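Everything numeric in this text was worked out from a predicted model, so none of it was measured.
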Amino acid sequence: MEAEGYDLLPWQGWPLRPFYFPKASLEALAGQLVRTLRSWACDSQSKAPEELAGELGLKAEALESLDYQGAFSEPSFTGFLRPDGFLYPHSYTVVELNFGNGLLVSQAYADLLAEYHTQDPRLASELKIPRPFERYLDYLQSLVDEKIGLVGILACASEYETIMSWEKRVGDMVRFGQELFHRRGWQTVILHEDDVEVVPGKKALSKALGQELDLIVPLTINTTFFDSPELLRTRYRHWTGSRVGRTPFFSPLSALCVDKGTLPWLTPHLASGGDFSVEIPFTEPPTEERMREYRLNREDWVLKRAFDGKDTHVGCSSHGRVWNERLAYALRAGGYVLQRYQSMPTTIVPVTPDGESIEWLEVSFELSPFLVDNAFAGGIVRYAPKAEGLIMSPPPENMGLGVAVAV
């Protein structure tokens, strides 16, 4: 389907309303998760690169090149994230963190869906649909002491090439995200690490435009910076902190330390919340000693990439031979975690498949709230017909996408 010239997900029937969730639960989720991350960051900033890298399974050479101590100590380090997880009546289970890793596309999608829903004047007047991208822009402005003119949107060169191969839908969301920047009167330029000139004591300069950059934000995850850590110590040293010259860099490359591979280390820092709790399923890197457990009880486990890319296999919906092959590869290659499987929550969604009739569909769903400046700022809900072992990213053919509203 298409909206205002932008391609969306393949037609699965429009949801006739947003997804409503208790405001108190979403506020508790935001507060507890941010406190958990801050506690972990405070503890981790004092660790030597070798120790922190050993815990996370990252390259010590990469962490030695980053100013993660400085980044972890900044309040803005936890200022923007979009976890993926399962919301139940009294808890939220975090299965992925999506921390500071270029969330422009999913935010833009949420804002585009908000525009769709508010075309109904009754809904627009009765209930304000959150606009997470707008909240994101408000937050970015709060990080800059002056008026923003030009924003650099960073994609590491090797990932920059991948952008060119993205399907039109994803490219459209990048374009719509840039449009939302432009509505603020902010100019944008998509750039990679060699498109910036840095002069000591001055703002970073866009080589293409010959203009100073007031702010730099990520477009892609930028994990491929870790593939050549020696360059972070030399040619790209100016990319290793929270500023590029005098230009703020939000969020910095140190955010790459927070992903699925970090979840085991967050668990001891989980903040208590009374009647509502944020939970993390048991997560661990695969080991030879545990392979028998993973093979014999595959219905209890999910295999995921720890930091870089998507490669998810749910044991209960995987063929035994394929599951065993992926386990062997993960153990051999490294960079994976095993996570205890948990069934998604379910709900009933009214959809219209043809614009005229209404169907009530029982679905499994995953909630991804945008947490901006430590508060709920909207969210997206991925849903598909109820089933066990669903993988929502990348999206299955029968997945729908809606927006989350706090009530």
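Using a 4.0 Å cut-off between charged side-chain N and carboxylate O, Lys147 and Asp214 make no salt bridge. Salt bridge status for Lys207 with Asp194: absent, with no side-chain N to carboxylate O gap under 4.0 Å. Between Arg175 and Glu179 there is no salt bridge, since no side-chain nitrogen of the basic residue lies less than 4.0 Å from a carboxylate oxygen of the acidic one. Taking the charged nitrogens against the carboxylate oxygens, Glu146 and Lys203 do have a contact shorter than 4.0 Å, which makes a salt bridge.
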Walk me through whether Lys310 and Glu96 qualify under salt bridge (charged side-chain N to carboxylate O under 4.0 Å, His left out).
CA-CA 11 Å; Lys310 296 283 186 181; Glu96 298 194 19; 3.1 Å; yes
Given the rule in the side chain to side chain contact (heavy atoms under 4.5 Å, CB included) test, do Val349 and Phe365 qualify, once you have shown the distances and angles that lead to the verdict?
CA-CA 10 Å; Val349 179; Phe365 72 92; over 6 Å; no
Yes or no on side-chain hydrogen bond (donor to acceptor under 3.5 Å, both in side chains) for Ser343 and Glu388, after CA distance, side-chain angles and deciding distance?
CA-CA 7 Å; Ser343 296; Glu388 290 292 333; 2.9 Å; yes
Between Val381 and Leu401, does the side chain to side chain contact (heavy atoms under 4.5 Å, CB included) criterion hold? Intermediate values first, please.
CA-CA 6 Å; Val381 179; Leu401 192 66; 6.0 Å; no
Just do the side chain to side chain contact (heavy atoms under 4.5 Å, CB included) check on Val95 and Phe86 with the steps written out, would you?
CA-CA 8 Å; Val95 295; Phe86 309 148; 4.0 Å; yes
Would Thr312 and Arg305 satisfy side-chain hydrogen bond (donor to acceptor under 3.5 Å, both in side chains), going step by step from the backbone distance to the final call?
CA-CA 7 Å; Thr312 301; Arg305 291 287 294 175; over 6 Å; no
Any chance you could lay out the side chain to side chain contact (heavy atoms under 4.5 Å, CB included) test for Arg38 and Asn374, step after step, and finish with the verdict?
CA-CA 11 Å; Arg38 283 184 171 173; Asn374 310 324; 3.2 Å; yes
Walk me through it: do Ser277 and His90 pass the test side-chain hydrogen bond (donor to acceptor under 3.5 Å, both in side chains)?
CA-CA 7 Å; Ser277 62; His90 301 291; over 6 Å; no
In sequence, state the C-alpha distance, the side-chain angles, and the governing distance for Ser368 and Arg382, and then conclude on side-chain hydrogen bond (donor to acceptor under 3.5 Å, both in side chains).
CA-CA 8 Å; Ser368 300; Arg382 299 181 182 91; 3.2 Å; yes
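With values rounded to the nearest 0.5 angstrom, Leu137 atom CG is found 7.0 Å from Leu180 atom CG. Atoms CG and OG1, on Leu266 and Thr283 in that order, are 9.5 Å from each other to the nearest 0.5 Å. Between atom CZ of residue Arg298 and atom CD of residue Glu293 there is a gap of 13.0 Å, rounded to the nearest 0.5 Å. Interatomic distance, CG of Asp259 versus CG of Leu56, reported as 10.5 Å (0.5 Å rounding). Considering CG of Leu270 and CG of Leu33, their distance stands at 8.5 Å, rounded to 0.5 Å. For the atom pair CD1 of Ile221 and CG of Asp308, the computed distance is 7.0 Å after rounding to the nearest 0.5 Å.
Counting heavy atoms from C-beta on, the side chains of Val407 and Lys23 never come closer than 4.5 Å. Within the 4.5 Å cutoff, the side chain of Ile148 has heavy atoms near those of the Gln141 side chain. In this structure, the side chains of Phe250 and Ser242 stay at 4.5 Å or more apart for every pair of heavy atoms. The side-chain heavy atoms of Val258 and Leu37, taken from C-beta on, include a pair separated by under 4.5 Å. Looking at Glu193 and Trp239, their side chains come closer than 4.5 Å, going by heavy atoms from C-beta outward. Proximity of Trp186 to Leu150: side-chain heavy atoms (C-beta onward) are nowhere separated by under 4.5 Å. Using a 4.5 Å heavy-atom cutoff, the side chains of Leu26 and Leu367 are in contact. Put simply, the side chain of Leu63 reaches to within 4.5 Å of the side chain of Cys257, judged on heavy atoms.
Contact record, Pro18 with Tyr20: CD-OH, 3.6 Å, taken as the closest heavy-atom pair. Across all non-hydrogen atoms, the minimal contact from Pro218 to Ser251 is CD-N, 3.5 Å. Across all non-hydrogen atoms, the minimal contact from Ser25 to Pro89 is OG-O, 4.3 Å. When all heavy atoms of Pro130 and Ala114 are compared, the closest pair comes out as O-CB, 3.8 Å. Residues Ala404 and Phe376 approach most closely at O-CZ, 4.0 Å, considering heavy atoms. The two atoms that bring Pro83 and Val94 nearest to each other are CB-CG1, 4.4 Å, heavy atoms only.
Under the 3.5 Å distance criterion, with hydrogens and angles disregarded, a donor-acceptor pair is assigned to the side chains of Lys304 and Gln339. In this model, a donor atom of one side chain and an acceptor atom of the other lie less than 3.5 Å apart for Gln342 and Thr93. Side chains of Glu366 and Tyr383: a donor-acceptor N/O pair is absent below 3.5 angstrom, by distance only.
Partners of Ser254 under the side chain to side chain contact (heavy atoms under 4.5 Å, CB included) rule, at least two apart in sequence or in another chain, are Leu66, Tyr68, Ala71, Phe72, Phe77.
The backbone N or O of Pro49 sits nowhere less than 3.5 Å from a side-chain atom of Glu64 that would complete a donor-acceptor pair. Side-chain atoms of Ser206 come within 3.5 Å of backbone atoms of Leu209 as a donor-acceptor pair (strictly under, hydrogens ignored). A donor-acceptor pair is defined here as one N or O able to donate and one able to accept, closer than 3.5 Å; such a pair exists between the side chain of Thr240 and the backbone of Arg237. Looking only at distances, a side-chain donor or acceptor of Arg243 sits under 3.5 Å from a matching main-chain atom of Arg246. No donor-acceptor pair closer than 3.5 Å links the side chain of Glu55 to the backbone N or O of Thr262. Put simply, the side chain of Ser44 gets close to the backbone of Trp40: a donor and an acceptor are under 3.5 Å apart. Under the 3.5 Å distance criterion, the side-chain polar atoms of Tyr341 are matched with a main-chain donor or acceptor of Gly389. For the pair Ser364 (side chain) and Met344 (backbone), a donor-acceptor distance under 3.5 Å is absent. Without hydrogens or angle criteria, Lys386 side chain to Pro345 main chain gives no donor-acceptor distance under 3.5 Å. When atom types are taken as modelled, the side chain of Asp111 and the backbone of Ala108 share no donor-acceptor pair closer than 3.5 angstrom.
Residues in residues 295-324 take part in these ring pair (Phe, Tyr, Trp, His ring centres under 6.0 Å) pairs, two or more places apart or across chains: Tyr294-Trp301.
Judged by the 6.0 Å and 45° rule, Arg184 forms no cation-pi pair with Phe181.
Shown here is Tyr329, whose OH atom has no more than 12 heavy atoms of other residues, nucleotides or ligands within 6.0 Å.
For Tyr136 and Tyr139, the distance between ring centers is not under 6.0 angstrom.
Just one residue in the list Asp227, Thr223, Thr224, Asn222 forms a side chain to side chain donor-acceptor pair (under 3.5 Å) with Ser158, and that residue is Thr224.
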